[in-house]
Amino acid sequence: MRYAEFSNGTKIIDGESGLADLHILLCGLGASRVMIVGDRELIDSGYLEKVKKGVLDGDKVDIGAVYLGDESLGVDDVLKDMYFVYMSNDCDGIIVCGGGRLIDYAKLLRLAVTTQVKDVRSFFSSSSVGRKVINVPLITVPVKFGIGNGCNAMALYYDREKKLSRNIFNDLLSPDYCIIDDSMLMRMSKSSLAYGVLNVLGRAIDGFVAIHHARVGIMIKEVDVYDIGEVFCRVVLTNFLDRAKSLLEIGDKDRILKMALDSAYLAKGLDVNGMGMIYSLALAISDVKGIGFARCLPTAIKASLDYNLRACPDKYAQALWAFLGWEKYSQYDKAKRAEGFVQAVKDFVDGVLQKYIPDHVAPQFTDDERQEIVTAMAYDPHMLNNPRHFDIFAIKAVLK
């Protein structure tokens, strides 16, 4: 078992021994009675049994409750139920096994219990400071890769009143451990793997081309940021085409594990900077169209590339070098390298969709929906590569 630790403090553990040693990790965190969060599909697949076995292998940690998420319920009802189950069973730690939404629920529960602030909407404002009142260990076990929320300090809250997703950033949302077990990822379908690959690509592009600025009144000032995010984005983009094709064609556990770790490291490295324009745009499209985030991702990648082409051509030219390699990069005229990167990514995305997700249907937009998408993005203050100002007309123009 090995782990990587930097940035937000979440320790990323890879390999089956991480799951087998859950009881050791929990003891180290001071937990003795944990609540496991999952869903019925994870019971049928046997994943939750693996988690239970890892918890109970020792004699110092017990399972206080198992909460099975119900996606038909709103986030407020889910959090209310989870809070009641957690407190009424005297739990002192959380393990969540599942996908993006379940992990967000568990992280928000941790925030509520830790701060004793039951209404997590209080944390919509970045100025809200949650004070740690109770220690609540949190371990995440993702069963899909790409999103990266299993190891960052962000959670999404769907605001039913405004019909849009609101993101909450808080250090207390950062899990203690994220366990990436290749046996838990191997059962993903080809289409799920393909969407995961596109998610990793989108996150890497967001981080690599990020323009870091903050608004101060009507003035713009540059913000100093850590280079760790750009470094890992460059690493992920390098040889990405070959690694992604090998993963999708062969699909062995080593390739899947490496791509899952890329996703996790990117999430940690970019944590302090925000979600990124691609992620934010896909989320806004998902809210407005009422369809899954993954189905919106290809459209968001292409639109964000077109939107940023005029704002950061130098960064796109550098990204081309990483994405295609020096030999092909040198064949492009200097003035055409940024456009070359955009076209190369679009070709890759279209190729993945055609070969691995043939039933994918790109969302179409009315003028009213374009306006709603722009409005939804306006609620997201964490787009890490929004080029200096929020250009409403430019965003509408690239949503084809």
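What you see below is based on every heavy atom in this structure, not just the backbone, and it leaves out hydrogens, waters and symmetry mates. Just so it is clear, the structure is predicted and the values come from calculations on it, not from any experiment.
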Closest non-hydrogen atom pair between K268 and I12, with its separation: CD-CD1, 3.1 Å
Separation of T115 OG1 from R131 CZ (nearest 0.5 Å): 9.5 Å
With K336 via salt bridge (Lys or Arg N to Asp or Glu O under 4.0 Å) - residues at least two apart: E339
Please name all residues satisfying salt bridge (Lys or Arg N to Asp or Glu O under 4.0 Å) with R370, sequence neighbours left out, ordered by chain then number. D367
Do the side chains of V34 and L172 join up, straight or via other hydrophobic residues, at under 4.5 Å, putting them in one cluster? yes
Gap between atom NZ of K118 and atom CZ of F84 - 0.5 Å precision: 10.5 Å
With hydrophobic residues grouped by side-chain heavy-atom distances under 4.5 Å, do I291 and I373 end up in a single group? no
So, do F348 and V197 sit near enough that their side-chain heavy atoms are less than 4.5 Å apart? yes
Looking only at heavy atoms, the pair that brings D306 and V342 closest together is OD1-CG1, 3.9 Å
Please tell me whether T366 and D368 have a donor and an acceptor in their side chains that are separated by less than 3.5 angstrom. no
Does Q318 form a side chain to side chain donor-acceptor pair (under 3.5 Å) with D314? I'd like the steps, not just the answer. CA-CA 6 Å; Q318 295 174 36; D314 292 340; over 6 Å; no
Side chains of I36 and C97, heavy atoms from C-beta outward: is any pair under 4.5 Å? no
Please evaluate residues D359 and V361 with respect to the criterion side-chain contact (heavy atoms from CB on, under 4.5 Å), reporting the C-alpha separation (whole Å), side-chain torsions for both, the decisive distance (0.1 Å), and the verdict. CA-CA 6 Å; D359 60 345; V361 178; over 6 Å; no
Under 3.5 Å donor-acceptor, S330 side chain and E327 backbone: yes
Per the salt bridge (charged side-chain N to carboxylate O under 4.0 Å, His left out) rule, what does the pair list look like for residues 161-170, sequence neighbours excluded? D159-R166
Treating Ile, Leu, Val, Met, Phe, Trp and Tyr as nodes and any side-chain heavy-atom pair under 4.5 angstrom as an edge, say whether F208 and L261 lie in one connected cluster. yes
Taking the side chain as C-beta and beyond, is there a heavy-atom pair between Y67 and L109 under 4.5 Å? no
Applying ring-ring contact (aromatic ring centres under 6.0 Å, His included), name anything that partners F293, two or more places apart in sequence or on another chain. Y279
Between V235 and Y316, is there a shared hydrophobic cluster once you connect ILVMFWY residues whose side-chain heavy atoms come closer than 4.5 Å? no
Between atom CG of D176 and atom CG of L29, what is the distance when rounded to the nearest 0.5 Å? 4.5 Å
Evaluate the side-chain contact (heavy atoms from CB on, under 4.5 Å) criterion for residues L297 and I278: first the C-alpha distance (whole Å), next the side-chain angles of each, then the deciding distance (0.1 Å), finally the verdict. CA-CA 7 Å; L297 188 59; I278 292 172; 3.9 Å; yes
Determine, stepwise, if the pair D57 / K53 fulfils salt bridge (charged side-chain N to carboxylate O under 4.0 Å, His left out). CA-CA 6 Å; D57 265 358; K53 187 176 185 300; 3.7 Å; yes
State, with a plain yes or no, whether a side-chain heavy atom of L281 is found less than 4.5 Å away from one of L399. yes
D62: partners by side chain to side chain contact (heavy atoms under 4.5 Å, CB included), with sequence neighbours left out: R33, L56
Give me the atom names and distance for the closest heavy-atom approach of I179 to L19. CG2-N, 3.9 Å
Is there a donor-acceptor pair under 3.5 Å between the side chain of Y47 and the backbone N or O of M184? yes
V78 backbone acceptor or donor facing Y83 side chain under 3.5 Å: no
Inter- and intrachain pairs under side chain to side chain donor-acceptor pair (under 3.5 Å), touching residues 281-293, at least two apart: S165-D287, K289-E369
List the atom pairs, with distances to 0.1 Å, where a side-chain N or O of residues 144-155 and a protein N or O form a donor-acceptor pair under 3.5 Å, not counting sequence neighbours.
unit_1 : atom_1 : unit_2 : atom_2 : d
N149   : ND2    : G100   : O      : 2.9
N149   : ND2    : D104   : OD1    : 3.2
N152   : OD1    : K107   : NZ     : 2.8
N152   : OD1    : M154   : N      : 3.4

Please identify each residue that fulfils side chain to side chain contact (heavy atoms under 4.5 Å, CB included) with D171, with sequence neighbours left out. none
Separation between CD1 (I63) and CD1 (I95), nearest 0.5 Å, reads 7.5 Å
Just jot down the side chain to side chain contact (heavy atoms under 4.5 Å, CB included) partners of L68, sequence neighbours excluded, or say none. R40, I43, L48, V66
Walk me through it: do L324 and Y329 pass the test side-chain contact (heavy atoms from CB on, under 4.5 Å)? CA-CA 6 Å; L324 292 184; Y329 169 83; 5.7 Å; no
Gap between atom OG of S183 and atom CG of L257 - 0.5 Å precision: 10.0 Å
Under the salt bridge (Lys or Arg N to Asp or Glu O under 4.0 Å) rule, collect the residues that match up with D350, sequence neighbours excluded. K302
Report yes or no: do L79 and I134 belong to one cluster of Ile/Leu/Val/Met/Phe/Trp/Tyr joined by side chain heavy-atom distances under 4.5 Å? yes
Tell me whether D92 contacts the main-chain N or O of S32 through its side chain, where contact means a donor paired with an acceptor under 3.5 Å. yes
Name all residues meeting the ring-ring contact (aromatic ring centres under 6.0 Å, His included) criterion together with F323; count only those two or more places apart in sequence or in a different chain, and write none if there are none. F341
Among residues at least two apart in sequence or on other chains, which ones pass salt bridge (Lys or Arg N to Asp or Glu O under 4.0 Å) with D90? none
Keeping the roles fixed (side chain from Q116, backbone from V113), state whether a donor-acceptor pair exists under 3.5 Å. yes
Short question: side chain of R255, backbone of L248 - any donor-acceptor pair under 3.5 Å? no
When you compare the side chain of V120 with that of V75, does any pair of heavy atoms fall below 4.5 Å? no
Check: V200 and F240 side chains under 4.5 Å, non-hydrogen atoms: yes
Report the C-alpha separation of Y356 and L193 in whole Å, then their side-chain angles, then the decisive distance to 0.1 Å, and conclude whether the side-chain contact (heavy atoms from CB on, under 4.5 Å) test is met. CA-CA 9 Å; Y356 301 104; L193 286 174; over 6 Å; no
When every non-hydrogen atom of I94 is compared with those of V136, the smallest separation belongs to CD1-CG1, 3.8 Å
Kindly indicate whether the side chain of L305, heavy atoms from C-beta on, has any atom under 4.5 Å from the side chain of I205. yes
Would you compute the distance between atom CD1 of I168 and atom CG of L156 and round it to the nearest 0.5 angstrom? 9.0 Å
Where is the tightest heavy-atom contact between P363 and I285, given as atom of each residue plus distance? CG-CG2, 4.2 Å
Check whether any side-chain heavy atom of P175 sits under 4.5 Å from a side-chain heavy atom of I139, and report yes or no. no
For a quick test of reading the model, state the closest non-hydrogen atom pair linking A204 to V236 and the distance between them. CB-CG1, 3.9 Å
Is there a salt bridge (charged side-chain N to carboxylate O under 4.0 Å, His left out) between R243 and D262? Walk through the geometry before answering. CA-CA 11 Å; R243 291 187 295 115; D262 280 349; 2.7 Å; yes
